[in-house]
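Notes follow the structure.
Every value quoted in this text rests on a predicted model; they were computed, and no experiment measured them.
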Amino acid sequence: MSEAESAAAAVPAAAAGRKPRRLRGHKKGAVTCCVASSARPGVVASAGEDGCLCWFDLRTKDVLLTIEAANKPISSICFKPGNEDFVYASAGNEILSFDVRMGPQSKPLETYNYNRDEINQIAVSSKGFLAAADDSGDVKIVSTIQKCLYKRLREAHTSICSTVQFIPWRPWTAITGGLDSKLAVWDFSKGRTLFSIDNGSPELQNGSSSGSAGQCLNPAFVHSLAVSEEGILGGLYKVCAVARGDGAVDVVDLEYELAPSKSKGPPRLATSTMSSKRTEPGDGSSNQCQVERIHLDFTMGGHTAAVSCVAFSAFGEKGKFLVSGGNDSSVKIWDWSKGFSSETNSDAELVLDIDVKKKVNWLCTTPTDSDNLIVCDTSKVVKVYNFR
């Protein structure tokens, strides 16, 4: 049995047979994205190619609310931090905001048109800044308080900027990823990069198993990012998960990357792929330390096609699990923090593999004991799974 087959065999066989609840509200096309409420556990919003926003309460059967938000597909949605009655949605090169209390006839309260090209993802910070990553490779930062363009982040990406997130424990910092295989971390108050990582560089490709035979042959494009909340798992980890086009998922220690170079020791390109302990290169020693990156790929039972989305779990012990969905029509749930431990010899572990039958566009998790994994695929139906 191959290494990949051995890893897959360790996953509970019952996972493949799990049947989801189906939430119907979208009229046609695929459901492109979803977001779960943190203030109202069990409430989920979704958006689709039909230009509609749908609200569901998982305690009930039917859709609560449908808003015909745009006459074009919606690419991304997010709640306003601190007031989830307000939601932002991107359609084409516009960002629209809605107050759900106004019901199905709700009209946009605000419209922002600062992006030149089609927006791929939006994110909102606790300070009221709205980030929009677009096909030009740029990211626009909008002040929703002053209702104006705050900063334009450019020249880090040479291709489409596919994803953007704010870093919650560093309120003036954002992270972006693109189809140039690069990650960039920004001080958006100054409009400059703090550091970048090129996943397509020979150093990183040679340092991971994704370059070996059998892995998906696509480049390591960055399709999605998930930044951990502050204080997860006892405050030990401040990390970012990266969904890659070559089928791998990386988890990067952001605080290591953001530390002054003199305090980091060896270069960050010398990373660990799956081991929770490593030898620091260049100093001839074999000191045990917490690794700065783990790499989850097909050799561990991971994806065999591009990974489209990643999210840290909101259920149970917050952040304990990392959920990934891909073009191989599967959702993987990882116990990822084991790979960062300097106390044991454990590797990160695949704990569940779900065959969802269709390519995954997006997913999110809810802070509830059941009905806690929400999956958007290439159909018009939102799927809800239980993970206990």
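- In this structure, the side chain of Asn113 does not engage the main chain of Glu94 through any donor-acceptor pair within 3.5 Å.
- Between Asp138 and Lys151, no side-chain nitrogen of the basic residue sits less than 4.0 Å from a carboxylate oxygen of the acidic one, so the salt-bridge criterion is not met.
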*Take Lys357 and Ser329, measure what side chain to side chain contact (heavy atoms under 4.5 Å, CB included) needs, and give me the verdict at the end.*
CA-CA 5 Å; Lys357 309 300 183 185; Ser329 303; 5.7 Å; no

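- Using modelled atom types, no side-chain atom of Asp355 and backbone atom of Ser330 make a donor-acceptor pair closer than 3.5 Å.
- Side-chain contact between Trp55 and Val100 is present, with heavy atoms from C-beta onward closer than 4.5 Å.
- A distance of 6.0 Å or more separates the ring centres of Tyr88 and Tyr112.
- When atom types are taken as modelled, the side chain of Asn361 and the backbone of Cys376 share no donor-acceptor pair closer than 3.5 angstrom.
- Connection of Leu194 to Val242 is established within a shared hydrophobic cluster, with ILVMFWY side chains joined at heavy-atom distances below 4.5 Å, either directly or through further cluster members.
- Summarising the geometry, atom CG belonging to Asp57 is positioned 5.5 Å from atom CG belonging to Leu64; distances are rounded to the nearest 0.5 Å.
- One N or O on the side chain of Asp187 and one on the backbone of Ser189 form a donor-acceptor pair closer than 3.5 Å.
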Just do the side chain to side chain contact (heavy atoms under 4.5 Å, CB included) check on Val63 and Arg24 with the steps written out, would you?
CA-CA 7 Å; Val63 61; Arg24 303 180 188 276; over 6 Å; no

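- Side-chain contact, Trp169 with Glu255: a donor N or O sits under 3.5 Å from an acceptor N or O.
- The closest donor-acceptor contact from the side chain of Asn327 to the backbone of Lys359 lies at 3.5 Å or more, if one exists at all.
- By the 4.5 Å heavy-atom criterion applied to side chains, Asn386 and Asp371 are counted as neighbours.
- In the hydrophobic clustering of ILVMFWY residues, with side-chain heavy atoms under 4.5 Å counting as a link, Ile95 and Val87 come out apart.
- Side-chain contact check for His223 and Thr163: no donor-acceptor pair (N or O, by modelled atom type) lies under 3.5 Å.
- Judged by distance alone, the side chain of Lys320 and the main-chain N or O of Glu317 form no donor-acceptor pair under 3.5 Å.
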Tell me, with the steps shown, if Asp50 and Lys380 meet salt bridge (charged side-chain N to carboxylate O under 4.0 Å, His left out). CA-CA 9 Å; Asp50 58 359; Lys380 65 180 182 180; over 6 Å; no

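- Counting all heavy atoms, side chain and backbone alike, His303 lies closest to Gly326 at CE1-N, 3.6 Å.
- Asn218 and Asp246 share no side-chain donor-acceptor pair at under 3.5 Å.
- By the 4.5 Å heavy-atom criterion applied to side chains, Asp62 and Thr60 are not counted as neighbours.
- Put simply, CG on Asp377 and OG1 on Thr32 are 11.5 Å apart, with the number rounded to the nearest 0.5 Å.
- For the residue pair Asn120 / Asp135, a side-chain donor-acceptor distance below 3.5 Å is found, with atom types taken as modelled.
- Ring centroids of Phe129 and Phe188 are separated by less than 6.0 Å, placing the two rings close together.
- Residues Ile122 and Leu179 are members of separate hydrophobic clusters, defined by side-chain heavy-atom contacts under 4.5 angstrom among Ile, Leu, Val, Met, Phe, Trp and Tyr.
- Under 3.5 Å, the side chains of Trp186 and Thr173 contain no donor-acceptor pair of N or O atoms.
- By the neighbour-count criterion of 12 heavy atoms within 6.0 Å, atom CG of Asp117 is densely surrounded, having more than that number from other residues, nucleotides or ligands.
- Interatomic distance, Ile175 CD1 to Thr193 OG1, rounded to the nearest 0.5 Å: 12.0 Å.
- No more than 12 heavy atoms of other residues, nucleotides or ligands sit less than 6.0 Å from atom CD of Glu155.
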Next item on the list: Decide side-chain hydrogen bond (donor to acceptor under 3.5 Å, both in side chains) for Asn115 and Asn93; before the verdict, give the C-alpha distance in whole Å, the side-chain angles of both, and the deciding distance to 0.1 Å.
Entry: CA-CA 6 Å; Asn115 290 77; Asn93 65 344; over 6 Å; no

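- Counting only N and O atoms by type, the side chains of Glu84 and Ser38 include a donor and acceptor under 3.5 Å apart.
- The structure places NE2 of His26 at 10.0 Å from OG of Ser379, a figure rounded to the nearest 0.5 Å.
- One hydrophobic cluster, built from ILVMFWY side chains closer than 4.5 Å, holds both Leu183 and Phe195.
- With hydrogens and angles ignored, the 3.5 Å screen pairs a side-chain donor or acceptor of Lys332 with a backbone N or O of Gly301.
- In this structure, Phe86 has its ring center at least 6.0 angstrom away from the ring center of Phe79.
- Without hydrogens or angle criteria, Ser97 side chain to Glu110 main chain gives a donor-acceptor distance under 3.5 Å.
- Open room surrounds NZ on Lys61; 12 or fewer heavy atoms of other groups in view lie less than 6.0 Å from it.
- The hydrophobic cluster containing Met300 also contains Leu322, counting ILVMFWY residues as joined when their side-chain heavy atoms lie under 4.5 angstrom apart, directly or transitively.
- With contacts defined as side-chain heavy-atom distances shorter than 4.5 Å, the pair Val382/Val44 does not qualify.
- With hydrogens and angles disregarded, a donor-acceptor distance shorter than 3.5 Å links the side chain of Gln121 to the backbone of Val164.
- Summarising the geometry, atom OG1 belonging to Thr304 is positioned 10.0 Å from atom CZ belonging to Phe298; distances are rounded to the nearest 0.5 Å.
- Taking CG of Leu23 as the reference point, atom CZ of Arg21 lies at 5.5 Å (rounded to 0.5 Å).
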| task | Please assess Ser90 against Ser76 for the test side-chain hydrogen bond (donor to acceptor under 3.5 Å, both in side chains), listing each intermediate value before the final yes or no. | result | CA-CA 5 Å; Ser90 60; Ser76 182; 4.5 Å; no

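- For the pair Val356/Lys383, no side-chain contact is recorded, criterion being any heavy-atom separation below 4.5 Å from C-beta on.
- Heavy-atom contacts from other residues, nucleotides or ligands closer than 6.0 Å to CZ of Arg101 number more than 12.
- Between Val351 and Trp334, the closest side-chain pair of non-hydrogen atoms is not below 4.5 Å.
- For the pair Phe340 and Ile294, the minimum side-chain heavy-atom distance is below 4.5 Å.
- Counting non-hydrogen atoms of neighbouring residues, nucleotides and ligands closer than 6.0 angstrom, the CD atom of Glu229 reaches no more than 12 such neighbours.
- Counted by atom type alone, Ser308 and Trp362 present zero donor-acceptor pairs between their side chains at under 3.5 Å.
- Between Thr66 and Gly25, the shortest heavy-atom contact is OG1-O, 4.2 Å.
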Quick one: do Leu96 and Ile74 satisfy side chain to side chain contact (heavy atoms under 4.5 Å, CB included)? Show the steps, please. CA-CA 10 Å; Leu96 311 169; Ile74 296 174; over 6 Å; no

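- Remark: side-chain polar atoms of Thr144 are paired, donor with acceptor, to backbone N or O of Gly128 under 3.5 angstrom.
- Here Asp253 does not pair with Lys238 in a salt bridge; the nearest charged N to carboxylate O distance is not below 4.0 Å.
- Within the 4.5 Å cutoff, no side-chain heavy atoms of Ile374 are placed close to those of Leu363.
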Margin query: Let's go through Leu58 and Val384 carefully: what are the C-alpha distance in whole Å and the side-chain angles of both, what is the deciding distance for side chain to side chain contact (heavy atoms under 4.5 Å, CB included) to 0.1 Å, and is it a yes or a no?
Written below: CA-CA 9 Å; Leu58 300 182; Val384 184; 4.1 Å; yes

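- Ring planes of Trp336 and Phe312: perpendicular class, angle over 60° (limits at 30 and 60°).
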